[in-house]
Amino acid sequence: MSPLQVFNTLSGKKEDFTPLTAGTVLMYACGPTVYDLCHLGHARMAIVYDVIQRYLRYSGYKVTFVRNITDIDDKIINRAAEIGLRPEQLARENTYNFWRDMHALNITSPDIEPRATEFIQAMIAFATGLIDSGHAYVSGGDVYFEVATFKQYGKLKKQDLQELVSGAREQVRSQSALKELKRSPLDFALWKSAGSGEIGWESPWGHGRPGWHLECSTMIKNVLGETIDIHGGGEDLVFPHHENEIALSESLHGHPLARYWLHNSFVQIDAEKMSKSLGNFKTIQDLLKTYSADTIRLLLLQTHYRGPIDFTGESLTAAGHGLQRLIRATQAVSSEEAAELIAAATPETSELDFQIMQKFRGEFTAAMDSDFNTASAVAVLFNIADQIFLETKAQTRLSYISALTSIAQTLGLTLEDTSHKVGNDTASGIIELLLEIRASARAKKDFATSDLIRDRLVQLGVKLMDTAGGGTEWEKS
RNA sequence: GGCGGCAUAGCCAAGUGGUAAGGCAGAGGUCUGCAAAACCUUUAUCCCCCAGUUCGAAUCUGGGUGCCGCCUCCA
């Protein structure tokens, strides 16, 4: 298979990618906690793993891609209480929003999309297993994982237990209630007890709900298995979330949770992290009002996934201009001309197609095999565009165009020209303009023009009604 | 305080030992009734600073400076 190399957070190095079972990839990415709308950061995460997944399939792997939805969590409960919804209502609403955004961004649906609330019994079993093996303890209706029992704790973040303990001590001093319950400040909750009026499930430890880290560990185990090939997420999940997942899964199973840990970097606004707590985030919905999914995707792909992107208003506009160039390139042969050329195809032209495709696929593959270097891969697209504009033979241009669209597709770019689609407000304005021209024609008794406008609008589904006062009204017929 | 990352043209950004991809913006040109768009050409003797290793470094080593992230919910 291909000499793909990926950067593994666990080793801190690029490594040759060899999946557990040759030819197949089990891949899991941490999905959203559905308590609010998704922002550009979620878009980056989703697009990064979408492209990785697409490329692995393109490379010939049989991929099972799982992305979860965390639909029970303190953030959901708190937000729901603020706005007067039941937690499950809020979670459902934002799950729909998330799906709509993913669809709008041309993100491939995951093969399996487990939701945390579907796996409560499995989580209880997981936690019970950890208690029985001495890795977890019950305390006041909660269940905590005892970090000291997992000697490798800190291996993902590359910090030893002692350093983490001294760092954590400061933080936890204020949380006096928890201090009573936890043996060590690093211990984290697998199960949190809930009041009788609160959302929760029955468990051996009473009414309660699962902790975040347990959710992912359990879903991976139940959906993909005990060891998977790729586990991904945003870089902020390295610690504590992924470190804790490792501690849970590896304590219970005794072997690695994931062979390769991939983490994408952040989107920044004015050189600062974009986050909900800073209030400087852009929702996907807002961005899609102004920019196409391709524009957003191109902007994100022009930077390597492990580097931060400083988002500015201009950067999206610049990406949009670049995208235009690629779209123009695909239009360098008209559709009629293309149909003729395809009809007239010969073994020689097929050979030309093949050679051009091979050349650029080779460059594309070389870029992507180097830890998914999408920035270099995007450069290949622009190089093909150059060739298209320089090429004088239509037949050859067509070959380049098919190479361009094929590679763009693997990156999830549609190269669909949206510049000729107008919104309803614009369409209404255009109708008003036509009515003005028609009124002027009628005033000059130019009824040929006036009737042409009326007939053509009727064909387009717009009915005109001249009123007694000389004005004209319109409506959709 | 601990750990990690980054520093390449006006802006964004690839490149980890062999002589600087790509995008945007700018300049010149082609086209054009005017305008816009589009296309073509062009744009870093040099990669934060200092010292070192090497035939050779943006790329490796040591030191310095600056910026950012994680250590608390966060993609």
Side-chain angles (χ1 to χ4, degrees), chain A residues 7 9 12 14 29-33 35-36 38-49 67 70 73-76 78-79 98 154 156-160 162-172 174-175 178 185-186 188 212 232-243 263-268 271-278 281 284 298-312 314-329 331-332 363 366-367 370-371 373-386 388-390 419:
Chain A
F7 184 91
T9 306
K14 266 196 208 179
C30 286
T33 299
Y35 71 105
D36 204 347
C38 292
H39 54 63
L40 230 203
H42 294 99
R44 184 173 197 193
M45 176 264 167
I47 287 171
V48 163
Y49 295 103
R67 187 185 59 213
T70 296
D73 183 88
D74 287 0
K75 291 192 293 295
I76 294 172
N78 295 339
R79 176 63 59 86
F98 172 68
L156 189 64
K157 186 178 161 59
K158 295 179 199 61
Q159 209 160 17
D160 69 45
Q162 213 44 53
E163 286 168 337
L164 286 166
V165 169
S166 57
R169 221 152 250 162
E170 284 299 314
Q171 312 286 344
V172 177
S174 54
Q175 305 173 4
L178 280 179
L186 283 180
F188 56 91
W212 182 32
E235 67 177 358
D236 56 337
L237 298 184
V238 172
F239 194 91
H241 185 51
H242 289 162
E243 193 74 56
H263 293 96
N264 62 280
S265 185
F266 284 111
V267 175
Q268 302 179 350
E272 266 201 323
K273 177 177 171 177
M274 174 173 74
S275 72
K276 289 172 184 175
S277 50
L278 288 172
F281 66 96
I284 293 171
L298 185 64
L299 173 69
L300 297 177
L301 295 184
Q302 277 183 307
T303 301
H304 186 91
Y305 75 92
R306 280 189 292 109
I309 293 180
D310 192 9
F311 171 86
T312 64
E314 290 135 28
S315 57
L316 266 173
T317 306
H321 289 171
L323 179 68
Q324 272 306 309
R325 185 176 156 81
L326 295 178
I327 290 171
R328 302 277 173 200
Q331 295 167 342
E363 292 176 12
S370 176
D371 193 29
N373 192 333
T374 55
S376 288
V378 165
V380 175
L381 296 181
F382 282 98
N383 288 335
I384 301 174
D386 282 344
I388 291 171
F389 291 124
L390 288 171
S419 59

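Protein chains get the first letters and strands the later ones, always in sequence-line order, with residue 1 at the start of each.
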* Gap in Å between the two C1' atoms, one belonging to B:rU8 and one to B:rG2, rounded -> 31 Å
* What's the CD-C1' distance between A:Glu243 and B:rC73, to the nearest Å? -> 18 Å
* CD of A:Glu235 versus C1' of B:rG4: gap in Å, rounded? -> 9 Å
* Taking a pair as Watson-Crick or G-U wobble with both distances under 3.5 Å, which nucleotide is matched to B:rG1? -> B:rC71
* Atom-pair distance (CZ on A:Arg67; P on B:rA75), nearest Å -> 13 Å
* How would you list, by chain and number, every residue that makes a side chain to side chain contact (heavy atoms under 4.5 Å, CB included) with A:Ala375, sequence neighbours excluded? -> A:Asn373
* With sequence neighbours excluded, what pairs up with A:Asp371 under the side chain to side chain donor-acceptor pair (under 3.5 Å) test? -> A:His304, A:Tyr305, A:Arg306
* Would you mind pulling out the nucleotide paired to B:rU54, Watson-Crick or G-U wobble, both distances under 3.5 Å? => none
* To do: Mark up nucleotides 35-41 of chain B, 5' to 3', with B wherever a protein heavy atom is under 4.0 angstrom from a base atom, S wherever such an atom reaches only the sugar-phosphate, and - elsewhere.
  => --SSSS-
* Given the P atoms of B:rC47 and B:rA20, what is the spacing between them in whole Å? -> 12 Å
* Under 4.5 Å between any side-chain heavy atoms of A:Pro32 and A:Met45, yes or no? -> no
* Any A:Asn78 side-chain heavy atom under 4.5 Å of A:Tyr35 side chain -> no
* Asked: Expressed in angstrom and rounded to an integer, what is the separation of A:Phe188 atom CZ from B:rC71 atom P?
  -> 15 Å
* Please give the nucleotide sitting opposite B:rC6 as a Watson-Crick or G-U wobble pair, both distances under 3.5 Å, or none. => B:rG66
* Asked: Starting at CG of A:Leu237 and ending at C1' of B:rC70, how long is that distance when rounded to a whole Å?
  -> 11 Å
* P spacing across the pair B:rG4 / B:rA38, given as an integer number of angstrom -> 47 Å
* Asked: Whole Å only: how far is the OH atom of A:Tyr49 from the C1' atom of B:rA75?
  -> 9 Å
* **Rounded C1' spacing from B:rC55 to B:rG17 in Å** => 12 Å
* Taking only residues two or more places apart in sequence, or in another chain, which ones meet A:Thr303 in a side chain to side chain donor-acceptor pair (under 3.5 Å)? -> none
* Structure fact -> In whole angstroms, the gap separating C1' of B:rC74 from CZ of A:Arg79 amounts to 12 Å
* To do: List the protein contact pattern of nucleotides 12-21 of chain B with one symbol per nucleotide (5' to 3'): B for base contact, S for sugar-phosphate-only contact, - for none; contact means a heavy-atom distance under 4.0 Å.
  => -SSS-----B
* Mind calculating the distance between CG (A:Asn264) and C1' (B:rC74) to the nearest angstrom? => 12 Å
* Atom C1', compared across B:rU54 and B:rU61: separation rounded to whole Å -> 12 Å
* To do: For A:Thr33 and A:Ile76, run side chain to side chain contact (heavy atoms under 4.5 Å, CB included): C-alpha distance rounded to whole Å, both residues' side-chain angles, the deciding distance at 0.1 Å, then the answer.
  => CA-CA 8 Å; A:Thr33 299; A:Ile76 294 172; 4.0 Å; yes
* To do: In plain terms, say whether A:Arg325 and A:Asp386 are close enough for a salt bridge, that is, a side-chain N and a carboxylate O under 4.0 Å apart.
  => yes
* Between B:rU42 and B:rU32 - C1' atom distance, rounded Å -> 23 Å
* Using the C1' atom as the reference point in each nucleotide, state the distance between B:rA7 and B:rU16 in Å, no decimals. => 15 Å
* Asked: Ignoring hydrogens and angles, does a donor from either the side chain of A:Lys157 or the base of B:rC70 sit under 3.5 Å from an acceptor on the other?
  -> yes
* To do: Determine the contact category for A:Glu314: base if any of its heavy atoms lies under 4.0 Å from a base atom, sugar-phosphate if only primed atoms, P, OP1 or OP2 are that close, otherwise nothing.
  => nothing
* What pairs with A:Glu363 under salt bridge (Lys or Arg N to Asp or Glu O under 4.0 Å), at least two apart in sequence or on another chain? -> A:Lys359
* Can you name the residues that form a salt bridge (Lys or Arg N to Asp or Glu O under 4.0 Å) with A:Lys157, not counting sequence neighbours? -> none
* Taking only residues two or more places apart in sequence or in another chain, which ones pass side chain to side chain donor-acceptor pair (under 3.5 Å) with A:Arg44? -> none
* To do: Would you mind classifying the nucleic acid contact of A:Lys75 as base, sugar-phosphate or nothing, using non-hydrogen atoms under 4.0 angstrom?
  => sugar-phosphate
* Could you measure between the two C1' atoms, the one in B:rC3 and the one in B:rU72, and give it in whole Å? => 16 Å
* To do: Determine which nucleotide pairs with B:rA25, using a 3.5 Å limit on both distances of a Watson-Crick or G-U wobble pair.
  => none
* **Partner set under side chain to side chain donor-acceptor pair (under 3.5 Å) for A:His241, not counting sequence neighbours** => A:His213, A:Glu245
* **B:rU19 - base-pair partner by Watson-Crick or wobble geometry, distances under 3.5 Å** => none
